[in-house]
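Reading through the structure tokens given below for one structure.
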Amino acid sequence: MDEKLKQIKEELTKKFEQVKNMQELNDLKVAYQGKKGIITELAAGIKDVAAEHKKEFGMQMNELKNEFNEKFETAKAKFEEQRILAKLKEDTIDVSLPSDKIQMGSKHPFNRIIEEVEDLFVSMGYDVVDGPELEDDEHCFRLLNYYVGHPARDAQDTFYIDEEYLLRTQTSSAQSRIMQANKEKSPIRVICPGKTYRRDDDATHSHQFGQVEGLVIDKDISLADLKGTLEIFAKRLLGDDTKVRFRPSYFPFTTPSCEVDVSCFKCGGKGCSLCKGTGWIELLGAGMVHPNVLRMGGYDPDKFTGFAFGTGLDRLAMFRYNIPDIRLIYGNDIRFLKQFDEAE
Ligand code: DAH
């Protein structure tokens, strides 16, 4: 028996040394300790051992099983460690590899011009307000002194939602809302930039475009204040040598009304294709707030005066950033937009 045990032990030592992986280790366990395993069968022989040797035999068997288990656990731990190391190696990140290039976006010229205009007017003490794009006839027309039947109310120009509601055709609609919200408080100094809509849709007009409205109401506001303000606006935005010209015009909500031109920044006023040879480019509409508009907004025209102006943001962006075609602003061509990187 001793011989047999010794032989098994030697054999096991060798086999454990030869085992190469977990699979082989498990096979070894089955071969020795499985149902029909070598150790299992040997241990079953206890029934044939003489009674006085049973204890001794039992101890020897336990020792053999323990030795096997110890060797098994040691080998198992070794394979487990190898497995973890191999996995770690496989998952290693090569930090020297080049990364994917992250594409940074750029500010859209439309947002950029709004920010520039806002910064300029805020620096002059104005507030920036928002008005609804879905507007009612009341604020877009009636409170701005458009009589019933005025051509601007025509359904050919305006997107009507129903009898009462429409998409605002001009940011001037904010004027009456601002007056109503302030209830004779003064001064009012606000600008309202935003989207506007008209039923124009051809190569030079888009049915959605941007405008910014300005409104100032106080005691003793005169046309000179309007002229000074708009001159600063034009020069700051388009350059200090920009000349400004005021032409009489008509808008229902201002009197007197004017249109404001700036000297052509492309030719400096000599005349070119951009200014159609005139040397001037139309920039905005403006005027002194009509007494009817003040009254309907809750301001006594005997006590208060004011001025208003409004201009197209798309045109302004074209002039400011030298954009040759208005369609580029809404085309979302990434090559065009990329030119407006924040880097500046
Ligand atoms: N709302 C006018 C338009 O869309 C522009 C305008 C003209 C605004 C004169 C004004 C103004 O505030 O006083 O053409």
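Values in this document were obtained by computation on a predicted structure and should not be read as measured data. In each ligand, atom 1 is the first atom listed, and ligand 1 is the first ligand listed. Note: hydrogens, waters and symmetry copies are ignored here, and every other heavy atom, side chains too, is used.
- Residues passing the side chain to side chain contact (heavy atoms under 4.5 Å, CB included) test with E41 are K36, sequence neighbours excluded.
- Q23 and D27 share a donor-acceptor pair across their side chains, judged by distance under 3.5 Å alone.
- Shortest contact from atom 5 (C) of ligand 1 to any protein heavy atom: G310 O, 4.1 Å.
- Polar contact with ligand 1: present for F309 (N/O pair, distance under 3.5 Å).
- Near E213, with a cut-off below 4.0 Å to any heavy atom, the atoms of ligand 1 are 8 (C), 10 (C), 12 (O).
- With ring centers used as reference points, F68 lies under 6.0 Å from F16.
- Distances below 4.0 Å separate heavy atoms of Q211 from the following atoms of ligand 1: 3 (C), 4 (O).
- Shown in contact with F251 at under 4.0 Å from a heavy atom are these atoms of ligand 1, numbered in order with element: 7 (C), 9 (C).
- For atom 11 (C) of ligand 1, the closest non-hydrogen atom of the protein is F253 CE1, 3.3 Å.
- Relative to atom 7 (C) of ligand 1, the option among G287, G285, A308 with the closest non-hydrogen atom is G285.
- Which of H290, Q175, R198, M288 comes nearest to atom 14 (O) of ligand 1 through a heavy atom is settled by distance: it is R198.
- For D162 (side chain) and E164 (main-chain N/O), a donor-acceptor pair under 3.5 Å exists by modelled atom type.
- Q170 OE1, 3.6 Å is the protein heavy atom nearest to atom 2 (C) of ligand 1.
- For the 3.5 Å distance criterion, the side chains of Q175 and H139 fail to qualify, holding no donor opposite an acceptor.
- Ligand 1 is never approached by F307 to a heavy-atom distance shorter than 4.0 Å.
- Applying the 4.5 Å side-chain rule to ILVMFWY residues, one finds V129, F141, Y146, Y160, L166, I178, M179, I188, V190, L215, I217, F251, F253, V289, V293, L294, Y299, F304 in the same cluster as L144.
- Close contacts of ligand 1 with T254, meaning ligand atoms under 4.0 Å from a residue heavy atom, involve 13 (O).
- Using a 3.5 Å distance cut-off with no hydrogens or angles, the side chains of T196 and Q211 do not pair a donor with an acceptor.
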(message) salt bridge (charged side-chain N to carboxylate O under 4.0 Å, His left out) for D333 and R335? Distances and angles first, verdict last.
(response) CA-CA 5 Å; D333 183 331; R335 293 164 304 177; 2.6 Å; yes
